[in-house]
Amino acid sequence: MIDGVNVCPQTLRCLNFSVSEEEFSDPETRDIRNEAFWKKLSEILRDALELLKEGAEKWGIDIETIGFRRG
C-alpha cells in the first residue's frame, strides 16, 4: 500500500513506477487539465523518440522511411 492505495506487490521494484514518481513529482504534472502535465508528457515522449531513433540507427534502421500499412 502506497499513500493508502493498494498497488501491485512489485511496484516498489518497478522502473516505470519509479521514473513516473520522479518525473511527475509536482502535483501540477499529475493533473491532465494543467499545462504542466502536457509539457512534461511532451518532454518524456520527445526523449523516448530520441532513444528510439538512436536504437534504430544502431541497428541500421531508418525509421523515417518505414512504411506503415493500415488495416
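As a basis for the values below, the full set of heavy atoms in this structure was taken, side chains included, without hydrogen atoms, waters or symmetry mates.
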Drop me the distance from S25's OG to K40's NZ, to the nearest 0.5 angstrom.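 It comes to 7.5 Å.
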Measure the spacing between CZ of F37 and OG1 of T29 and express it to the nearest 0.5 Å.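 Reported value, rounded in 0.5 Å steps: 8.5 Å.
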For [X], side chain to side chain contact (heavy atoms under 4.5 Å, CB included) partners two or more places apart:
X: L45; answer: L41
X: E64; answer: K53, D62
X: E28; answer: D26, N34, A36

Can you confirm whether more than 12 heavy atoms, excluding those of [X], are under 6.0 Å from its [atom1] atom?
X: E35; atom1: CD; value: no
X: E57; atom1: CD; value: no
X: I32; atom1: CD1; value: no

Quick one: salt bridge (charged side-chain N to carboxylate O under 4.0 Å, His left out) partners of [X], sequence neighbours excluded?
X: D31; value: R33
X: E50; value: none
X: E22; value: none

